[in-house]
Structure formats: C-alpha cells, structure tokens
Amino acid sequence: MSELAPGQALPELRVTPDKYLTYRYAGASGDFNPIHIDEEFAQSVGLPGRILHGLWMMAQVARAVQTAGDGPDALRSLSVQFRGMGFPEQEIAVSATVTEVADGVATVEAEAVQDGRRIIRKGRAELKVG
Amino acid sequence: MALNTDAVGKTYPPVAYAVGREKVREFASAVGEENALHHDPGAAREAGYADVVAPPMFAVVYSGRALTPALFDPDVGIDFARMVHGGQEFVWGPPVVAGDEIATEVEVKDVAERGGLAFYVFESRSTNQDGETVCTGTWTNIVR
C-alpha cells in the first residue's frame, strides 16, 4: 500500500480463536494466568468462562494495522485500551482507519469487536510508510 | 481506598532474555503472523536480517517477564484478585531477531486513584546487545 490517505479504511481482519488458542498463547507468551486456561477457575472468580489474553487481542490489532505498512518492522507504536472480555470460538473483527499521513509516517486508529461488544477500543498505531 | 504511592519511581534489576528461533516461530504462529520473515531463516537472511524476525508483539515475551517482580512487589501492593489489564502501549525501535540478547528494566511510573479505581502504570525499557532501545512498553493495570 503506497497511496494511503486520511479517512481510508484498511482491510478488515476477521479471526476466530479456536477452542485451544488460549493454551497455545499461554505457552508462547508465558502468561499462564488461570483465567485464560482454567474454565472452573474463571467461573470461580465470576467470569462466564475462560477469557482471551488481552495481549493476544492486541496482536490481532497489530496484524490488522500492519497492512498499512511495509514489512515486519513498519510498526513504530501501538496503544490500546482493553474493554470487555474476549472469548474463544467467537469471531473477532478488527477495523482500522488511516487518520493521518505525514513525513513517511501513517497514523491508524483501530478497534476490535466480538459479538457486538467492543473488546479493544482507542487503538492507535504509527507505521513507517513509503 | 487509601492508595500507597510510595513505590512510584521504583526500578527493578534488568531481566535478560535470549531470543530463540523456535520461540519466535511459536509466538508468530500463536498470534497468526504468517509472514515468512518470522518463520524462515533463509527468507529472513535474503531480506537482510541475521535470522527470523520477531513480530512486534513478541515484546510481550521478552519484556513481560520483567514485569513480574513489580506486579508482585509488596511495596506496590496490587490486589490480584481485582486486577484487570486496562491498557497497553508499545513503542518499537530496531527489529528484534533470533540470536538477540535483550535486557529489560521496569519502573513504577504512576499509582493513582480515579473514579474509585486504582491505576498502576509500569514502564518497561528493553535494550539489545548493541545498546539500542528495541521497545518501550507502558502497562496500565486497573484494580477495581
């Protein structure tokens, strides 16, 4: 993508974390908080069940916004706010829009929605472009 | 809620992390990063990198473990049963590749009460073997 312009929507990213994703991500990331991998524990602390790692959800936002940049080190910064909980086996949609392009840096705003709930909001990324 | 803010400014000893090729691949697969540069050393070398390139969010792996001592520090005093991850920011520098040696230092940046919630903000600064800052993380945890 070389002709980014403010207001331009990036391709929507849709991803459905499978039943065992939280176990693989726990191993890959080192975050074994039982709210992500233990159904009974999650319910014992008042959750409906195992919830997704917020940082895995953030990684999906990272993937979505990277389509605006060029290569694996285009992403210069990403900030997000976690709101609501994400669950396995439900589709997540990440939408992202270019808000500014200046001096070889594109600013992108993004959010992630699952089953009508905004689970990540105020996503903001800067990417090297061109 | 009487919030103890004495820990603000406290730093912790650097935590070292050696970036391994299989760990980069494992992480890239777990988050769905399919670019060959994260998986194929040959493709990475052809593109000018010494080895497979870590996806940006791999910062979670090398800097996350440096957070643990701060999160469990009695001086900080987080009530884990009521803690949620409220927000996260990463600012990246030069790319991280397999074979890099990363050191991460953590500082307690802020402890504050807003709207009946306690906000604990930590900053991680990760440096590679050449002294370059590869990632700065701002971790906001909220205790209800």
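Keep in mind that the numbers below use all heavy atoms, side chains included, and drop hydrogens, waters and symmetry copies. So that the names make sense, note that chain A is the first sequence line, chain B the second, and so on, each numbered from 1.
A distance of 6.0 Å separates CD in B/Glu89 from OG in A/Ser77, rounded to the nearest 0.5 Å.
Placement of B/Phe80 and B/Tyr12 within a single hydrophobic cluster is found when ILVMFWY residues are connected by side-chain heavy-atom separations under 4.5 Å, directly or transitively. Under the 4.5 Å side-chain contact rule for hydrophobic residues, A/Met58 and A/Val113 do not share a cluster. Side-chain heavy atoms closer than 4.5 Å link hydrophobic residues (I, L, V, M, F, W, Y) into clusters, and following such links, possibly through other members, connects B/Ile78 to B/Val106. Note on A/Leu4: it clusters hydrophobically with A/Val61, by side-chain heavy-atom contacts below 4.5 Å among ILVMFWY residues. In the hydrophobic clustering of ILVMFWY residues, with side-chain heavy atoms under 4.5 Å counting as a link, A/Phe32 and B/Val84 come out apart.
Atom OH of A/Tyr20 has 12 or fewer neighbouring heavy atoms from other residues, nucleotides or ligands inside a 6.0 Å radius. Within 6.0 Å of CD on A/Glu40 lie no more than 12 heavy atoms contributed by other residues, nucleotides or ligands. A 6.0 Å sphere centred on CZ of B/Arg82 holds no more than 12 heavy atoms belonging to other residues, nucleotides or ligands.
With respect to chain B, the highest number of heavy-atom pairs below 4.5 Å among A/Leu78, A/Ile120, A/Asp73 belongs to A/Leu78.
If you measure heavy-atom distances from A/Arg124 to chain B, you find no contacts under 4.5 Å at all. With a 4.5 Å cut-off on non-hydrogen atoms, A/Val45 does not touch chain B at all. Using a 4.5 Å cut-off between heavy atoms, A/Leu21 contacts chain B through its side chain alone, with no backbone atom that close. Within the 4.5 angstrom heavy-atom criterion, atoms from both the backbone and the side chain of A/Gln81 approach chain B.
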Could you pull out every donor-acceptor pair under 3.5 Å between side chains of residues 94-104 of chain A and any protein atom, sequence neighbours left out?
from, atom 1, to, atom 2, distance (Å)
A/Thr99, OG1, A/Thr107, O, 3.3

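In this structure the side chain of A/Leu75 never reaches within 4.5 angstrom of the side chain of B/Phe90, judged on heavy atoms. Two residues are said to be in side-chain contact when any heavy atoms from C-beta on lie closer than 4.5 Å; B/Trp139 and A/Leu55 meet this criterion.
Contact residues of residues 45-68 of chain B toward chain A are B/Tyr49, B/Val53, B/Pro56, B/Met57, B/Val60, B/Val61 (heavy-atom distance under 4.5 Å). When the heavy atoms of residues 124-137 of chain B are compared with those of chain A, none of the residues falls under 4.5 Å. Contacts with chain A (heavy atom to heavy atom, under 4.5 Å) involve these residues of residues 15-31 of chain B, listed by number: B/Lys23, B/Glu26, B/Phe27, B/Ala30, B/Val31.
Checked by atom type and distance alone, the side chain of A/Arg63 pairs as donor or acceptor with a backbone atom of B/Gly32 at under 3.5 Å.
No hydrogens or angles considered: a donor-acceptor pair under 3.5 Å links the side chains of B/Glu33 and A/Gln66.
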